[in-house]
Amino acid sequence: KNFEATIMANPEVDALFEVRNAFFLGNYQHCITEAQKLKPPANVAVERDVLVYRSYIAQKKYAVVLDEVKTSSPAELQAVMIFADYLQNPRKRENILKELDGKLNAGLDASNTVFLIIAASIYYMEQNFDAALRCLNLADSLESIAMRVQIYLFMNRVDLARKELKTMVEKDEDSTLTQLASAWLNLMVGVDKYQDAFYIFQEMIDKTTPTPLLLNGQATSHILQGKLEEAEGLLQEALTKDSNNPEVLINLIAVSQQLGKSQELANRYLSQLKDAHSSHLFVQDYLKKETLFDQVAAQYTPSN
């Protein structure tokens with residue numbers, strides 16, 4: 001109650017600071033729990049609800065969002081509902097994409113940052129990076145810039161990612177998203193920056209809690225430095241916190257193979273990944289290559 005009174009007396013206090021940070025660090029249950037304790041001003045309540053529903057989506061609890069968000073709900077919440085619908089119902093994806101394409105071509109509402117981020121997220125999953133960037137370029141929030149950094153790094157455009165990070169630093173150098181984006185860039189630019197990325201993740205862990213996202217970031221730093229056993233320990237710790245985290249499972253597949261563990265173990269991680277995250281870019285790419293291999297192999301029959 002004292003905190004709520006402080007918010008009302010000091011409008012400049014960020015009522016959602018902890019809730020927002022928990023979401024960005026992948027501590028989704030903490031985000032939901034802390035948000036439920038708050039009774040923020042009306043102008044902040046929508047953002048709180050957006051963070052809560054996006055956390056439920058991250059936990060794959062799509063039905064919560066689809067059941068609770070109504071057509072009368074604020075536009076920001078309806079945008080989150082579209083994402084839940086897209087993830088929950090693969091058969092609806094083609095129609096959802098057509099609707100997004102129509103809105104993108106007609107001109108998006110730049111004031112609804114949540115919709116732009118959700119649309120970009122869907123396009124990213126569809127590997128339509130051009131459309132994702134067209135959405136994100138209409139927004140100037142830290143999250144939208146951080147997403148641009150991620151996309152450019154995925155495209156191996158480190159030069160463009162660095163420019164976006166410079167913008168983030170100018171806006172808010174100390175923010176969680178700016179620090180995360182800095183660590184991501186460090187993991188891409190070369191050997192002398194890998195340890196810097198590790199320290200950024202460690203500083204965040206010291207300030208908050210070791211979430212799978214942060215532990216996986218540290219593990220990635222170790223992998224790039226050839227410290228495979230240390231990486232495996234961090235990944236196993238991350239797995240105890242989220243047994244189906246896709247990035248953790250992908251790194252475990254790589255590490256188990258590089259450490260010479262049994263192929264059965266790597267296959268188990270891969271089966272788990274394919275089962276829980278059939279739409280993940282890694283899984284989609286793997287399945288395409290698997291099909292291509294089978295097609296090529298079928299052209300060759302053993303000689304008698």
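- For the pair K103 and E99, the salt-bridge criterion is not met [side-chain N within less than 4.0 Å of a carboxylate O].
- Salt bridge status for D196 with K193: present, with a side-chain N to carboxylate O gap under 4.0 Å.
- Counting heavy atoms from C-beta outward, Y53 and V69 have side chains that approach closer than 4.5 Å.
- With a 4.5 Å cut-off on side-chain heavy atoms, S182 and M168 do not count as touching.
- Residue-environment remark: NZ (K60) exceeds the threshold of 12 foreign heavy atoms within 6.0 Å.
- The pair E47-R20 counts as a salt bridge, with a side-chain nitrogen and a carboxylate oxygen less than 4.0 angstrom apart.
- Counting only distance, with no hydrogens or angles, the side chain of Q225 and the backbone of S221 share a donor-acceptor pair below 3.5 Å.
- Aromatic rings from F129 and F154 are positioned such that their centres are separated by under 6.0 Å.
- A181 and V149 get closest at one heavy-atom pair: CB-CG1, 4.3 Å.
- Looking only at distances, a side-chain donor or acceptor of H277 sits under 3.5 Å from a matching main-chain atom of N244.
- At distances below 3.5 Å, not a single donor-acceptor pair connects side-chain atoms of S55 with backbone N or O atoms of C31.
- Residues L239 and L249 have side chains in contact (heavy-atom distance under 4.5 Å, counting atoms from C-beta outward).
- Y300 and F293 sit in two unconnected hydrophobic clusters of ILVMFWY residues. Membership requires side-chain heavy atoms under 4.5 Å apart, directly or through other members.
- In this structure, the side chains of I122 and L100 come closer than 4.5 Å at one or more pairs of heavy atoms.
- Annotation for M147 and A120: closest pair CE-CB, 4.0 Å, computed over non-hydrogen atoms.
- Shown here is E264, whose CD atom has no more than 12 heavy atoms of other residues, nucleotides or ligands within 6.0 Å.
- A perpendicular orientation is assigned to the rings of H280 and F282, their planes being inclined by more than 60° (bins at 30° and 60°).
- Between the side chains of T291 and Q295, no donor-acceptor pair of N or O atoms lies under 3.5 Å.
- The shortest distance between side-chain heavy atoms of V114 and F83 does not fall below 4.5 Å.
- Using a cutoff of 4.0 Å between basic side-chain nitrogens and carboxylate oxygens, E143 and R54 are scored as salt-bridged.
- The nearest pair of heavy atoms linking C135 to A119 is SG-CB, 3.9 Å.
- Looking at N251 and T220, their side chains do bring a donor and an acceptor atom within 3.5 Å of each other.
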Please lay out, stage by stage, how I82 and F115 fare under the test side chain to side chain contact (heavy atoms under 4.5 Å, CB included). CA-CA 9 Å; I82 291 171; F115 178 83; 4.1 Å; yes
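- Between the side chains of Q150 and Y124, no donor-acceptor pair of N or O atoms lies under 3.5 Å.
- When all heavy atoms of P40 and R48 are compared, the closest pair comes out as CD-NH1, 3.2 Å.
- A distance of 12.5 Å separates CG of L133 from OH of Y123, quoted to the nearest 0.5 Å.
- Annotation: cation-pi geometry satisfied between R93 and Y86 (NZ/CZ under 6.0 angstrom from ring centroid, within 45° of ring axis).
- Here the side chain of K261 pairs no donor or acceptor atom with the backbone of Q258 at under 3.5 angstrom.
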If you apply the rule side chain to side chain contact (heavy atoms under 4.5 Å, CB included), what do you find for I205 with L215, and how did you get there? CA-CA 8 Å; I205 287 172; L215 291 168; 4.2 Å; yes
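- One distance of note links CZ of R134 with CG of N128; it measures 8.5 Å at 0.5 Å rounding.
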Begin with the C-alpha distance, continue with both residues' side-chain angles, and end with the deciding distance and a verdict on side chain to side chain contact (heavy atoms under 4.5 Å, CB included) for K61 and I57. CA-CA 5 Å; K61 296 175 181 175; I57 287 175; over 6 Å; no
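- Between the N89 side chain and the K92 main chain, no donor and acceptor come within less than 3.5 Å of each other.
- Within the model, atoms NZ of K163 and CZ of R157 stand 8.0 Å from one another, a figure rounded to the nearest 0.5 Å.
- Between L136 and L116, every side-chain heavy-atom pair lies at or beyond the 4.5 Å cut-off.
- When only modelled atom types and interatomic distance are considered, T176 and N21 share a side-chain donor-acceptor pair under 3.5 Å.
- In this structure, OH in Y56 is found 7.0 Å from CD in E68, a value given to the nearest 0.5 Å.
- If you chain together hydrophobic residues whose side chains sit under 4.5 Å apart, L259 and Y269 fall into the same group.
- Side-chain polar atoms of H30 and E18 form a donor-acceptor pair below 3.5 angstrom.
- For the pair V80/V65, a side-chain contact is recorded, criterion being any heavy-atom separation below 4.5 Å from C-beta on.
- Nearest heavy-atom pair across D172 and T178 is O-OG1, 2.7 Å.
- Note that OG of S175 is 4.5 Å distant from CG of L142, once rounded to the nearest 0.5 Å.
- The CG atom of L165 sits 10.0 Å away from the CD atom of E170 when rounded to the nearest 0.5 Å.
- I151 approaches A132 most closely through the heavy-atom pair CD1-CB, 3.8 Å.
- Side-chain contact between L213 and N245 is absent, with no heavy atoms from C-beta onward closer than 4.5 Å.
- Side-chain atoms of K227 do not come within 3.5 Å of backbone N or O of A219 as any donor-acceptor pair.
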Please assess Q88 against L66 for the test side chain to side chain contact (heavy atoms under 4.5 Å, CB included), listing each intermediate value before the final yes or no. CA-CA 9 Å; Q88 174 86 313; L66 296 172; 4.0 Å; yes
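- At distances below 3.5 Å, at least one donor-acceptor pair connects side-chain atoms of T208 with backbone N or O atoms of M204.
- Of the possible donor and acceptor atoms, one in the side chain of T33 sits under 3.5 Å from a partner among the backbone N and O of Q29.
- A distance-only check finds no donor-acceptor pair linking the side chain of D85 to the backbone of M81 [under 3.5 Å].
- Under the 4.5 Å side-chain contact rule for hydrophobic residues, F17 and L180 do not share a cluster.
- Within 6.0 Å of CD on Q263 lie more than 12 heavy atoms contributed by other residues, nucleotides or ligands.
- For the pair S73 (side chain) and Q78 (backbone), a donor-acceptor distance under 3.5 Å is absent.
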